[in-house]
Amino acid sequence: MTETPLRAELLFAHDVSEELERELASGFGELGAPAVRVRRAVDHRGPAELQWLVLASLPLQAFLSGLGGEAVKDGYRALKDLVGRLPRRDGNTAPEPAPRPLVLHDERTELQIVLEGDLPQSAYEQLVVLDLTRFAVGPLHYDRALGRWRSELDEAAV
């Protein structure tokens, strides 16, 4: 039986540059999940503006397991570098909202993992070995104080 190759569907916020779109699509290909479909979200304005910059829909457990395996050497570092390509706050001292994250979305379970641009290396190291079956609702966020991935909605349901 042959294994189905990983494929990613990428949805970009309307304000992502074409250059960044190409870089991220290429980056997912380098991580073993080439983008088979790339789209742009409809322009949102006002308080309901999109909270994420990029939404990548793919089989999450297989993707993350692949990053932790031999096929992609130091895959978690490559994912961290990919997320690091997202625009950052400039040097202004004026208060600004945090940069919008990249969100990994499991196409089967609908579980989401939020990847912020400044996550520590340990977050990615944990992510590639994380058992996603432990989570029912999500989204998963890395809790810096506790040093682990968690879903507040799952915890509230217990």
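One is the number of the first residue; the rest follow in order along the sequence. What's counted below: heavy atoms across the whole structure, side chains too, no hydrogens, waters or symmetry copies.
At a threshold of 4.5 Å between non-hydrogen side-chain atoms, the residues V16 and L53 count as touching. Between L31 and L67, the closest side-chain pair of non-hydrogen atoms falls below 4.5 Å. L20 is not listed as a side-chain neighbour of F12, based on a closest heavy-atom distance of 4.5 Å or more. The closest side-chain heavy-atom distance from P59 to E107 is below 4.5 Å. Taking 4.5 Å as the limit, some side-chain heavy atom of L86 sits within range of a side-chain heavy atom of V54. Contact of the L140 side chain with the S151 side chain is registered, since non-hydrogen atoms from C-beta on lie closer than 4.5 Å. For the pair Y142 and Y124, the minimum side-chain heavy-atom distance is 4.5 Å or more. Annotation: side chain of V83 is not in contact with side chain of L119 (no heavy-atom distance under 4.5 Å).
When all heavy atoms are compared, the tightest approach of L104 to L60 is CB-CD2, 3.4 Å. Across every non-hydrogen atom of V38 and A35, the tightest pair is CG2-CB, 3.8 Å. D154 and R134 get closest at one heavy-atom pair: OD2-O, 4.4 Å. In plain terms, the two heavy atoms of A8 and A33 that are nearest each other are CB-O, 3.6 Å. The two residues W52 and L11 have their closest heavy-atom pair at CZ3-O, 3.3 Å. Here the shortest heavy-atom pairing between F28 and L82 reads CE1-CD2, 3.6 Å.
A side-chain donor-acceptor contact under 3.5 Å links Q126 to the backbone of G147. Judged purely by atom type and a 3.5 angstrom limit, Q61 uses its side chain to pair as donor or acceptor with the backbone of L132.
Here the OG-NZ distance, from S122 to K80, works out to 9.5 Å after rounding to the nearest 0.5 Å. S57 contributes atom OG, which lies 12.0 Å from atom CZ of R108 (distance to the nearest 0.5 angstrom). Of the inter-residue distances, the one linking R39 atom CZ with L55 atom CG reads 8.5 Å to the nearest 0.5 angstrom.
By the 4.0 Å N-to-carboxylate-O rule, R40 lies too far from D15 to be salt-bridged with it. Ion pairing of E116 with R144 is present here, as a side-chain N (NZ or NE/NH1/NH2) and a carboxylate O approach within less than 4.0 Å. Salt-bridge annotation for D143 and R150: present, with a side-chain N of the basic residue lying under 4.0 Å from a carboxylate O of the acidic one.
L10 is not connected to V36 by any chain of hydrophobic side-chain contacts under 4.5 Å among Ile, Leu, Val, Met, Phe, Trp and Tyr, and they are in different clusters.
Each of L130, L153, I113, T109 was evaluated against F135; a single residue qualifies, L130, per the side-chain contact (heavy atoms from CB on, under 4.5 Å) test.
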Please test L79 against L127 for side chain to side chain contact (heavy atoms under 4.5 Å, CB included), starting from the C-alpha separation and ending with a verdict. CA-CA 10 Å; L79 180 59; L127 184 61; 4.2 Å; yes
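The 12-atom threshold is exceeded at CZ of R148, counting heavy atoms of other residues, nucleotides or ligands nearer than 6.0 Å. Counting heavy atoms of neighbouring residues, nucleotides and ligands inside a 6.0 Å radius, atom CD of Q121 exceeds 12 of them. The number of heavy-atom neighbours closer than 6.0 Å to CD of E152, taken from other residues, nucleotides and ligands shown, is 12 or below.
Residues satisfying the salt bridge (Lys or Arg N to Asp or Glu O under 4.0 Å) criterion with D81, sequence neighbours excluded, are absent altogether.
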